[in-house]
Amino acid sequence: MSDDQDKQAKSNIKVTRRCLLTGGVGVATGTAATLVAGLGAEGAAAGPLDRPWATELGDPVGTNPYGHPSSFEKTVIRRPTPTEYSPKGYVPPMNESSWTGTPLQDLRGIITPNGLFYERSHGGYADMDPANHKVVIHGLVDRNLELSMEDLRRFPTVTTFRFLECSGNSDLIWGKATYGGQETSPYLTAQDIHGLLSCAEWTGVRLSDLLREAGADTVRAKWLIVEGADSGALARSLPMARALDDCILAFAQNGEMLRPEQGYPVRLLVPGCEGNLNIKWVQRIEVTDQPLFATFETGLYTDLQKSGKAWISSLVMEAKSIITFPSGGQSLPEKGFYQVRGIAWSGRGRISHVDVSLDGGRNWTQAQLTEPVMSKCLTEFTMPWRWDGSETLIMSRATDETGYTQPFVQQIVEARGKFSEYHNNGIQTWRVESNGEVYNAQG
Amino acid sequence: MRRGNLIFWAILSLMAPGLAVAQTPDCNDRPLCLGRTITEADLAVWSLNVFPDGTGLSDGMGNAEEGRQLFRDKCSACHGEKGVGLKVLLDRGAFPTLVGSTPPLTDTEEWPAKTVGSYWPYPTTFFDYVRRAMPFATAHSLSDNEVYAITAHILVLNDILPAGATLDRDSLMQVTMPNVDGFICDARPDVFAPRCMSNCAVPDDAGVLIGSGESYGKPVPITDCMVLK
């Protein structure tokens, strides 16, 4: 043993002893005694006390100054829609204008860890020096304001829990006919179909406070044109009524500063509304009396109806739910008890009920909602289930506080036509086969 | 003594922050006096927004013939020489198609081609977008004249302008896109789904209810809808 290693070993021992002696006195010493006794009695016999992590020291504290998940969780990552299961023309041609989905089936509760929050960018994502970043508010205002990030963070802050969902989420199950009659793959997972959905605690400043500071003419001005600083300067028209209601410019997500993928150093948050409206890397807000009719609110993200006319400004994400266990790609090892679980959300407010059907939608049972149930935020639901080993079509259905109930996908397609594509909040069916394997049964 | 004074001011400013900040000169006209004021001239150099009524369109002009050259040099590598986006990844990926098809885009067997010509309601959207975002990977590298020229070329390819057309602010405002009347306000909630608990209808049954949104739920706010001309 070299001198250095020796010193290191000694200091580790010291640390261990100090913790034992000064830590929770009775318990700690008691455990230590049992440990020693156990080792003495069982020696090298296989058992919990014989495993490497029980007999050797673990990695030193501080090994990962910014921690990451266990190596056993390495498959729980963001993923693009698998090309092999994608219809023709569906896959983005360049990774700078692309997306990856959140592994919903592997997460618990309602908060998406920052590293797993879904990504959707139209020009890659930049990592901008906040020291050089400014937010400008101009147009129908008493004074054009330029705010540094430091200025912005001095405004009174609010913290809210909100989901974000891409308007194109779940478009893979819009109905078989959607993409030239191609079959929808049974191998798709919750992540593949619904992964453009995440939820976080956001901290930022009220847009209404910024508008007041600039002296915005909120009578004449009906729109804000919000623009990002990324390549492509993505811009959208935000209705003034929403801006004055609950919009914030967020700079923190789940306690830490935004990730570059989420628009570091500052993004717009329009609660309950389609992801694209939540401009990242916000650099400019023009206060106007007319909307921009930007590319992403005309050519894209508009919902073509049967009639040949398209809905413009379909901003709200309607009530929706999905079962994340059991869901596509998972398997049940045997008959017996399982807890069905999933998530529900509504862009119009709180979830009031979630129902689960185990027979293809004929009969429904009300699921348990996990507290807290918050407005425009994911809500977790669970239901106890004893699986008898027979093939089962399992699905969930959300109702929100406005009394709106999530419909079947087929109803939506019938009402809006085959090519409406965006804002699909229909019911997702999974098929549990008698061997326990679970497949997508929607398409 | 001094110390007592400081504490007094600290407490006072906590109780009434307005009082403390109001002392900053030149700033008693706004609530917090954060940030600095700037002029329209400061902003003009990087203003990008172009509205359907022409607000934001720049001076200058461009011709469709120049636009053809420019498009070949700067756009065709991805969007194809004729503006019909190149296919990649065994046809599963495709660059956007900028040319072709005509409205209305009603239900067909094939996915209807939502192109600049067949779908976009205003020509200003094209000018605005190309100037802010294209060429992909080298955004903001075109002059305003070049953007006019490329806009003219794409409108010619879409049979919206005659060959050789020239565009400037005034002539761009004369262009009416074929699908200008193709957009309506969002009508949700549009699908009626009662919260049935037992012996419910399912989609394969006859008679699954699809009603209007008026009978339940909360309509989307009309203030969300971009007012159409």
Side-chain angles (χ1 to χ4, degrees), chain A residues 83 86 88-93 138 143-147 151 154-155 179-180 212-213 215 225 231-233 237 239 241 286 290-293 295 298-299 304 306 308-316 318 348 360-364 399 402-405 407-408 410-412 414-415 417-419, chain B residues 30-32 34-38 43 48-49 51-53 88-89 91-95 103-107 110-112 114 119-122 125 128-129 132-133 139 182-191 193-195 197-200 202-203 208 210 216-218 220-221 223-226:
Chain A
T83 304
S86 294
K88 283 199 167 125
Y90 183 84
V91 178
H138 69 114
R143 59 201 78 84
N144 300 323
L145 269 193
E146 182 188 75
L147 300 161
D151 296 332
R154 283 172 59 193
F155 278 79
Y179 299 96
R212 199 169 305 125
E213 187 73 7
I225 313 304
S231 171
S237 310
E286 181 173 356
Q290 58 175 331
L292 184 62
F293 290 89
T295 295
T298 55
L304 185 59
K306 267 182 182 169
K309 305 256 184 206
W311 285 348
I312 204 161
S313 305
S314 33
L315 307 182
V316 171
E318 294 190 292
R348 289 201 183 87
R362 287 266 172 241
N363 296 288
W364 298 82
T399 300
T402 70
Y404 173 89
T405 296
F408 288 104
Q410 294 90 328
Q411 286 177 275
I412 301 178
E414 201 174 319
K418 289 184 295 196
F419 306 111
Chain B
R30 49 192 169 116
L32 302 177
L34 291 171
R36 69 181 191 101
T37 55
I38 52 170
L43 285 162
L48 292 172
N49 296 341
F51 296 84
D53 73 353
V88 291
L89 297 162
D91 284 9
R92 285 172 200 256
F95 285 95
L105 304 176
T106 44
D107 259 15
E110 287 295 301
W111 183 261
K114 297 184 194 171
Y119 197 62
W120 293 29
Y122 299 112
T125 303
D128 173 285
Y129 183 67
R132 74 170 65 241
F183 294 87
I184 51 175
C185 290
D186 173 7
R188 296 173 302 163
D190 59 324
V191 181
R195 186 171 170 246
M197 297 306 283
S198 55
N199 293 316
C200 307
V202 297
V208 171
I210 298 176
Y216 78 108
K218 195 175 146 194
V220 291
T223 46
D224 273 0
C225 192
M226 300 195 294

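On a predicted model such as this, the values are computed, not experimentally measured, just so you know.
Looking only at heavy-atom pairs under 4.5 Å with chain B, the residue among A/Asn144, A/Thr83, A/Ile225 that has the most is A/Asn144. Considering only heavy-atom pairs separated by less than 4.5 Å from chain B, the leading option among A/Glu146, A/Lys309, A/Glu286 is A/Glu146. Interface summary for chain B: among A/Ser86, A/Ala241, A/Ser237, the most heavy-atom pairs under 4.5 angstrom belong to A/Ser86. In terms of non-hydrogen atom pairs under 4.5 Å with chain A, the most contact-rich of B/Gly93, B/Pro221, B/Ala139 is B/Gly93. Of the listed residues (A/Glu213, A/Arg212, A/His138), the one with the most heavy-atom contacts under 4.5 Å to chain B is A/Glu213. The residue among A/Leu145, A/Leu292, A/Thr298 with the most heavy atom pairs within less than 4.5 Å of chain B is A/Leu292. The candidate with the highest count of non-hydrogen atom pairs below 4.5 Å against chain B, out of A/Ser231, A/Gly360, A/Ser314, A/Pro92, is A/Ser314. With respect to chain A, the highest number of heavy-atom pairs below 4.5 Å among B/Val220, B/Thr223, B/Ile38, B/Leu89 belongs to B/Ile38.
Taking the ring-ring contact (aromatic ring centres under 6.0 Å, His included) definition, one finds that B/Tyr119 meets it with B/Phe183, sequence neighbours left out.
B/Asp128 touches chain A through its side chain: at least one heavy atom from C-beta onward sits under 4.5 Å away, while N, CA, C and O do not.
Considering CZ of B/Phe51 and OG1 of B/Thr125, their distance stands at 11.0 Å, rounded to 0.5 Å. Atom-to-atom distance recorded for B/Asp224:CG and A/Leu315:CG is 4.5 Å, nearest 0.5 angstrom. The CD atom of A/Glu414 sits 6.0 Å away from atom NZ of A/Lys306, with the distance rounded to the nearest 0.5 Å. Taken to the nearest 0.5 Å, the CZ atom of B/Arg188 stands 4.5 Å off from the CD atom of A/Glu318.
Between the side chains of A/Thr405 and A/Thr399, a donor-acceptor pair is found at a separation under 3.5 Å.
When side chains are defined from C-beta on, A/Ile312 does not count as touching B/Asp186, because their heavy atoms never get closer than 4.5 Å.
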